[in-house]
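Values reported hereafter were calculated over all heavy atoms of this structure, with side chains retained and with hydrogens, waters and symmetry mates removed. A quick note: this is a predicted structure, and the numbers were derived from the prediction, not measured.
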Amino acid sequence: MLNFERYQRNPVVDYPQRQWPNREIEHAPIWCSVDLRDGNQALIEPMTVEQKIEFFKLLVKIGFKEIEVGFPAASQIEFDFLRELVKQDLIPDDVVIQVLVQCRDHLITRTFEALEGVKKAVVHIYNSTSTLQRDVVFHMDKEQIKRIAIDGTRMVKSHLDEFAGEVILEYSPESFTGTELDYAAEVCNAVIQEWGPDPEHKLIINLPSTVEMNTPNVYADQIEWMIGHLDNRESVVVSVHPHNDRGTGVAAAELALLAGADRVEGTLFGNGERTGNVDIVNLAYNMFSQGIDPKLALDDVNELIDVYQRCCRIEIHPRHPYAGKLVFTAFSGSHQDAINKGVQAMKERGSEHWQVPYLPIDPSDIGRQYEPIVRINSQSGKGGVAFVMDTYYGYQLPKKMHREFADVVQKVAEQTGEVSPEKVYELFQREYIFAKSPYRLVNCVIAEADEGEEEQKEDCTNVTLTLKKDGEVIVMEGTGTGPMNAVRNCLQELTGMKLRVLDYTEHALDEGSEARAAAYVQCMNLETGETTFGVGTSHNITRASLKALFSAVNRLYRHCQ
């Protein structure tokens with residue numbers, strides 16, 4: 001049994017005046033990618049300088065305006081990477097790079113050496129303020145910890161006169177979620193006072209969920225409380241940096257935005273220490289799905305996946321929201337049926353808005369294709385099979401036919417597992433299009449009665465039918481109320497079966513004057529009560545319908561043998 005008594009609840013915030021539950025996210029935050037720092041340090045094999053440059057270019061391409069490029073004072077490769085960005089002139093004028101550094105004088109000096117030639121940079125200083133780390137790591141009291149933050153701020157200020165570019169200070173009380181709120185505000189306000197920001201030159205206060213310690217609503221309470229207790233709020237950008245220890249990093253970030261946060265630090269696909277940083281791709285697509293411009297060019301998720309997997313050597317989880325290989329795949333029959341109906345409804349209504357059950361966004365909007373949406377296995381239903389036939393091959397199967405063909409596919413799926421769309425189509429052709437034995441249509445000459453005769457005769461269509469039975473050519477004549485009825489009468493005489501046509505539908509398979517027609521005929525053997533469909537295609541709609549009739553009769557005949 002789990003020894004749950006070893007653990008105790010983390011305190012929540014007594015904040016009944018909270019406002020964030022009544023708000024909605026209305027616009028994208030300021031995004032800051034920390035892939036090249038937090039993401040990179042969490043890799044088993046950290047990126048090379050060349051890989052970092054490739055990743056940096058991707059981040060710029062998709063629209064990040066703030067990018068943390070590393071901890072240049074921590075290692076030579078971090079330092080060299082920043083210098084390469086400067087030497088190769090890879091930093092656009094509208095992109096602000098961010099560097100991380102501890103509140104130590106020699107590290108800050110080294111950081112400014114790495115920044116030489118950069119036009120605008122965020123210098124991100126931090127120190128841990130949590131109750132636990134003050135006790136077991138630093139053995140310092142509150143005043144000593146606050147002094148680290150103030151001294152770090154002064155150290156950065158001391159380099160401003162000699163630095164040609166513009167510097168934005170960012171301060172993080174690391175392990176904020178484990179810090180008493182009044183003390184966190186005290187430290188942050190001390191930094192604000194020491195830096196002296198104004199509305200034109202703002203300071204970033206970053207409030208990280210360095211370790212997720214509670215439910216996302218508690219983080220939102222903490223953020224809203226802090227915003228209400230920060231000095232000079234109009235001169236401060238409130239940033240959040242959620243991690244995912246409890247698996248709720250995305251939710252925590254979204255609720256923090258409701259609480260008033262201006263900025264989000266995270267990584268593509270959530271890479272980071274332990275369970276990772278907040279997933280910016282997930283967050284941005286969530287906003288997109290609600291009709292909000294995420295302010296990131298994420299219309300080609302496959303490119304993101306390609307660069308990410310190559311540089312980070314981490315595979316995207318197949319169930320990753322939006323980016324996973326399987327997220328636009330429906331195995332459940334009921335899901336497949338609902339998707340099919342949703343797509344059809346959109347087409348019929350000419351809807352301007354995407355509304356399809358089980359698909360929160362149109363996969364094509366993010367560079368995905370419809371091909372992998374529906375996959376057929378033994379758990380799939382009739383709707384999924386019909387969807388494949390329509391979406392892939394243009395056959396709009398009559399509703400009554402869905403179950404009949406789905407049963408054919410399911411038998412194969414039970415033996416082989418998943419059935420590809422190509423296999424579904426192969427089965428469709430075998431069962432219906434190529435159902436030409438024992439009776440195969442060769443030709444049919446149709447002679448309609450003139451109008452005067454038609455009014456006096458019930459059987460007004462004469463046909464001369466040429467067919468083959470097991471290779472033998474047979475010519476028959478018949479009459480009926482129309483071509484199909486007349487041919488049915490011929491087949492009834494030839495096969496000895498009593499036949500009734502129960503249903504007939506048709507549609508164009510292609511566009512233009514040379515379009516092929518698809519016809520579907522449901523036929524019953526009146527003696528046995530068995531029914532089945534037949535399918536025929538032709539550039540001539542009458543021939544397509546007659547081929548469908550032959551297909552149905554052959555299938556009935558086969559079942560009688």
Side-chain angles (χ1 to χ4, degrees), residues 347 386 389-401 404-405 425-451 453-454 457-495 497 499-524 531-558:
K347 290 179 181 178
M389 291 306 301
D390 184 8
T391 303
Y392 287 73
Y393 304 108
Y395 286 89
Q396 299 166 17
L397 308 188
K399 189 171 183 180
K400 295 178 182 178
M401 186 179 174
E404 177 181 299
F405 183 45
Y425 184 54
E426 179 186 325
L427 292 172
F428 179 76
Q429 289 182 304
R430 186 190 73 188
E431 287 292 321
Y432 298 101
I433 304 296
F434 299 152
K436 299 178 180 180
S437 176
Y439 304 104
R440 180 187 183 105
L441 174 65
V442 176
N443 190 32
C444 184
V445 178
I446 301 169
E448 299 284 355
D450 61 39
E451 285 192 24
E453 293 176 346
E454 184 177 344
K457 288 186 177 182
E458 183 178 348
D459 294 339
C460 56
T461 301
N462 300 311
V463 299
T464 301
L465 180 65
T466 304
L467 57 88
K468 285 185 178 181
K469 179 185 179 184
D470 298 328
E472 177 187 355
V473 177
I474 299 174
V475 178
M476 301 182 68
E477 292 187 352
T479 60
T481 55
M484 185 177 296
N485 183 252
V487 172
R488 185 214 64 169
N489 291 338
C490 290
L491 290 174
Q492 191 167 245
E493 177 184 345
L494 183 64
T495 63
M497 292 189 294
L499 303 170
R500 175 180 293 173
V501 174
L502 300 178
D503 189 38
Y504 169 75
T505 56
E506 63 186 46
H507 66 82
L509 272 176
D510 314 296
E511 296 180 356
S513 59
E514 298 298 319
R516 291 175 302 147
Y520 310 86
V521 171
Q522 185 184 32
C523 204
M524 173 185 280
T531 66
T532 192
F533 273 88
V535 182
T537 63
S538 175
H539 292 286
N540 181 296
I541 187 60
T542 301
R543 185 171 181 83
S545 64
L546 296 181
K547 289 172 72 174
L549 178 60
F550 267 74
S551 170
V553 170
N554 281 326
R555 297 186 82 242
L556 285 174
Y557 185 87
R558 182 194 310 162

**Report entry** Distance-only polar pair, side chains of E506 and S545, donor-acceptor under 3.5 Å
**Finding:**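 Not at all, the side chains of E506 and S545 share no donor-acceptor pair under 3.5 Å.
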Short question: side chain of [X], backbone of [Y] - any donor-acceptor pair under 3.5 Å?
{"X": "E404", "Y": "F533", "result": "yes"}
{"X": "R555", "Y": "E431", "result": "yes"}
{"X": "N462", "Y": "E477", "result": "no"}
{"X": "Y393", "Y": "L509", "result": "no"}
{"X": "S551", "Y": "Y432", "result": "yes"}
{"X": "N443", "Y": "T466", "result": "no"}

Query raised in the report: For the residue pair H507 and Y395, does the interplanar ring angle fall in the parallel (under 30°), tilted (30 to 60°) or perpendicular (over 60°) class?
Result: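 Judged by the thresholds at 30° and 60°, the geometry between H507 and Y395 is perpendicular.
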Query raised in the report: Is the number of heavy atoms from other residues, nucleotides or ligands under 6.0 Å of R440 CZ greater than 12?
Result: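 Result for CZ/R440: open.
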Query raised in the report: Should we say atom CD of E493 is surrounded by more than 12 heavy atoms from elsewhere, each under 6.0 Å from it?
Result: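 Count not over threshold, so no.
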Query raised in the report: Given V535 and M401, is the side-chain contact (heavy atoms from CB on, under 4.5 Å) satisfied, shown in steps?
Result: CA-CA 10 Å; V535 182; M401 186 179 174; 3.5 Å; yes
Query raised in the report: Between F550 and V521, is a side-chain contact (heavy atoms from CB on, under 4.5 Å) present by the stated rule, with each step listed?
Result: CA-CA 9 Å; F550 267 74; V521 171; over 6 Å; no
